Protein chains: 2
Amino acid sequence: MPDQHSLAEVERATRERVQHLPLDFTASHALLSLYRAANAVRGRLTNSVLRPNDLTWTGFLVLWTLWIWDSMETREVAESVGISKGTLTGVSKTLLSRGLLERIPSTVDRRLVNLKLSPEGVRLMEQIYPEFNKTESTVVGDLDKVQLTSMTDALRTLVETSERY
Amino acid sequence: MPDQHSLAEVERATRERVQHLPLDFTASHALLSLYRAANAVRGRLTNSVLRPNDLTWTGFLVLWTLWIWDSMETREVAESVGISKGTLTGVSKTLLSRGLLERIPSTVDRRLVNLKLSPEGVRLMEQIYPEFNKTESTVVGDLDKVQLTSMTDALRTLVETSERY
DNA sequence: GGATTATTGTTCGGATCCAAACGATTGGAA
DNA sequence: TTCCAATCGTTTGGATCCGAACAATAATCC
């Protein structure tokens, strides 16, 4: 692993730097850990599973979402994956060109376009996801059941609080 | 808030879709929550604090890192922020053009370049960070002290496990 | 000491990413 | 029916973002 400053070191340095300000260090450290953890997990999954299959993180999330929900309007896919509509247009173009996706224009409302996994897309997900999930399992392997459940609950609360507005 | 499927809905659909496979759903749900939370928090902080000040998330992290550690080699900054060296070159160009950063070539090793906040960069951080931290505090406000500490610990474990290799 | 190896920051190509502007379409109000 | 506001997916411009290739420099080997 790189010589990245450990989280503990960063926190100590932070306190020294802004000691005189009335800050919420607990919040700051929690969210720094959150950001680092998300980044680390994403990198790990990307390198070990996605890149060998020539998939990007976002591309995989789009495929996974369509795999779970079968068919969706592009607007819903973007929301579900957490990217903008414009970004989805680009990503789905990439996946479309690889034959992993199908576009199905709505007959009811001609503004709408539905996305759907192609048979090849389904095959790819059936092949990749077990491997992806195995790595996920490894990544959380150092947490016991109580810690993991508690963390998941806390993260859900964070999502709700952050998105409230 | 958008009509994004709730985490609970996604989890239910996931189980139905891949029920027949021997998967670790607990791990999957935990990491889905992790990804969503990081995204939501990042978006919230970006929209409420960073964008009004014309800063990107990564740009802010670079400034913040240099604020905490005073002066660093570019390699260290990239590692600390969690981006590649090539990305840092681009981001620091942007910050440099705004006069928030200074480049200090090393006299000892002419391959090295140190980065440092300019006086204006320091002023900007002193102005922005209290506001940034206030929003951080709000975001974690629905978690009690025990939950927050426990979550932070779990996230740290996740970072270590993910980066181990 | 000369050749090889390693490391640094930059450049490059290609994919993401966003907000804003846009044309097309829809649905409601006058 | 005829505007008119709302919503869809796309396009645009600009900033990230990465891995790989690169030139310059430093360290190591023999």
Side-chain angles (χ1 to χ4, degrees), chain A residues 2-3 35 38-40 42-48 50-63 72-98 100-115, chain B residues 2-3 35 38-40 42-48 50-63 72-98 100-115:
Chain A
D3 275 345
Y35 175 61
N39 234 28
R42 174 176 167 158
R44 170 72 173 272
L45 287 167
T46 298
N47 286 328
S48 64
L50 268 30
R51 196 182 310 286
N53 286 283
D54 207 27
L55 284 176
T56 63
W57 177 257
T58 305
F60 173 80
L61 287 185
V62 169
L63 294 180
M72 284 178 96
E73 297 170 13
T74 62
R75 168 181 49 87
E76 292 176 317
V77 175
E79 282 170 5
S80 190
V81 173
I83 58 179
S84 70
K85 297 182 301 173
T87 299
L88 179 61
T89 298
V91 174
S92 59
K93 261 184 194 169
T94 302
L95 298 173
L96 230 34
S97 75
R98 290 187 53 191
L100 301 173
L101 242 51
E102 292 173 5
R103 283 174 59 92
I104 304 176
S106 167
T107 53
V108 185
D109 186 334
R110 293 198 295 182
R111 293 171 302 183
L112 271 47
V113 176
N114 279 73
L115 294 180
Chain B
D3 276 345
Y35 175 62
N39 235 28
R42 174 176 167 158
R44 169 72 173 271
L45 288 166
T46 298
N47 286 327
S48 64
L50 268 30
R51 195 182 312 286
N53 286 283
D54 207 27
L55 284 177
T56 63
W57 176 258
T58 306
F60 174 79
L61 287 185
V62 169
L63 293 180
M72 286 176 95
E73 297 169 13
T74 63
R75 168 182 50 86
E76 293 176 317
V77 175
E79 282 170 4
S80 189
V81 173
I83 56 179
S84 69
K85 297 182 303 173
T87 299
L88 179 62
T89 299
V91 174
S92 60
K93 261 183 194 168
T94 302
L95 297 173
L96 229 34
S97 75
R98 289 186 53 190
L100 301 173
L101 242 51
E102 290 173 7
R103 282 174 60 93
I104 305 174
S106 166
T107 53
V108 185
D109 186 336
R110 292 199 295 183
R111 293 172 301 182
L112 273 45
V113 176
N114 280 73
L115 293 180

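Because only heavy atoms are used, hydrogens play no part in the values below, and waters and symmetry mates are left out as well, while side chains stay in. Predicted model, so just to flag it, every value in this text is computed and none were measured. Chain letters run A, B, ... following the sequence lines, proteins first, then strands; residues in each count from 1.
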Calculate the interatomic distance between R51(A) atom CZ and dA15(C) atom P; express it in whole Å. 14 Å

Are the side chains of R98(B) and D54(B) in contact, using a 4.5 Å heavy-atom criterion? yes

Whole angstrom is fine here: how far is it from CZ in R75(B) over to P in dA26(D)? 14 Å

Would you call N53(A) and F60(A) a side-chain contact if the rule is heavy atoms closer than 4.5 Å? no

Closest contact, heavy atoms only, M72(B) versus S80(B): CE-CB, 4.4 Å

CG of L50(A) versus C1' of dC18(D): gap in Å, rounded? 14 Å

Tell me the interatomic distance from N47(A), atom CG, to dC18(D), atom C1', rounded to whole angstroms. 10 Å

Its dot-bracket string being built from Watson-Crick and G-U pairs below 3.5 Å, with | for another strand and [ ] for crossing, DNA chain D has the pattern ||||||||||||||||||||||||||||||

So, OP1 or OP2 of dG9(D): does either fall under 4.0 Å of a side-chain N or O from T74(A)? yes

Return no unless some side-chain N or O of R103(A) is found under 4.0 Å from OP1 or OP2 of dT10(D). yes

Contacts of V113(B) and N39(B) projected onto DNA chain C by closest heavy atom; the upstream (5') one is V113(B)

So do V113(A) and S106(A) actually touch side chain to side chain, heavy atoms under 4.5 Å? no

Grab the NZ-C1' distance between K93(B) and dG9(C) for me, whole Å please. 11 Å

Presence of T56(B) side-chain N/O under 4.0 Å of dA15(D) phosphate oxygens OP1/OP2: no

From CG of L55(A) across to C1' of dA15(C) the rounded distance in Å is 13 Å

Specify the separation, in whole Å, of atom CG of L112(A) and atom P of dT7(D). 13 Å

Residue pair S84(A) / T87(A), side-chain donor-acceptor N/O under 3.5 Å: yes

Looking only at dT16(D), dT25(C), dT8(C), the nucleotide nearest the R110(A) side chain is dT25(C)

Looking at dA6(D), dC17(C), dT8(C), which one has an atom nearest to any side-chain atom of R111(B)? dT8(C)

From the candidates dC17(D), dG9(D), dT10(C), the one with an atom nearest any side-chain atom of K85(A) is dG9(D)

Please figure out whether V108(B) or N114(A) has its closest DNA chain D nucleotide nearer the 5' end. N114(A)

Need one value for R42(A): base, sugar-phosphate or nothing, where a base atom within 4.0 Å counts as base even if backbone is also close, heavy atoms only. sugar-phosphate

Would you say the side chain of L88(A) lies within less than 4.5 Å of the side chain of V81(A), judging by non-hydrogen atoms? no

Specify the separation, in whole Å, of atom CD1 of I83(B) and atom P of dA15(D). 16 Å

Report yes if a side-chain nitrogen or oxygen of T87(B) is closer than 4.0 Å to either non-bridging phosphate oxygen (OP1 or OP2) of dC17(D); otherwise report no. no

I'd like to check E102(A) versus L115(A) (side-chain heavy atoms, cut-off strictly below 4.5 Å). Are they in contact? no

Measuring from atom OG1 of T58(B) to atom CG of L50(B), what distance do you get when rounded to the nearest 0.5 angstrom? 9.5 Å

What's the closest nucleotide to the side chain of T58(A) if the choices are dT25(C), dC17(C), dG9(C)? dC17(C)

May I ask you to verify if any side-chain N or O of T89(B) is less than 4.0 angstrom from the OP1 or OP2 atom of dT11(C)? no

With respect to the phosphate group of dA15(C), does any side-chain polar atom (N or O) of T94(A) fall under 4.0 Å of OP1 or OP2? no

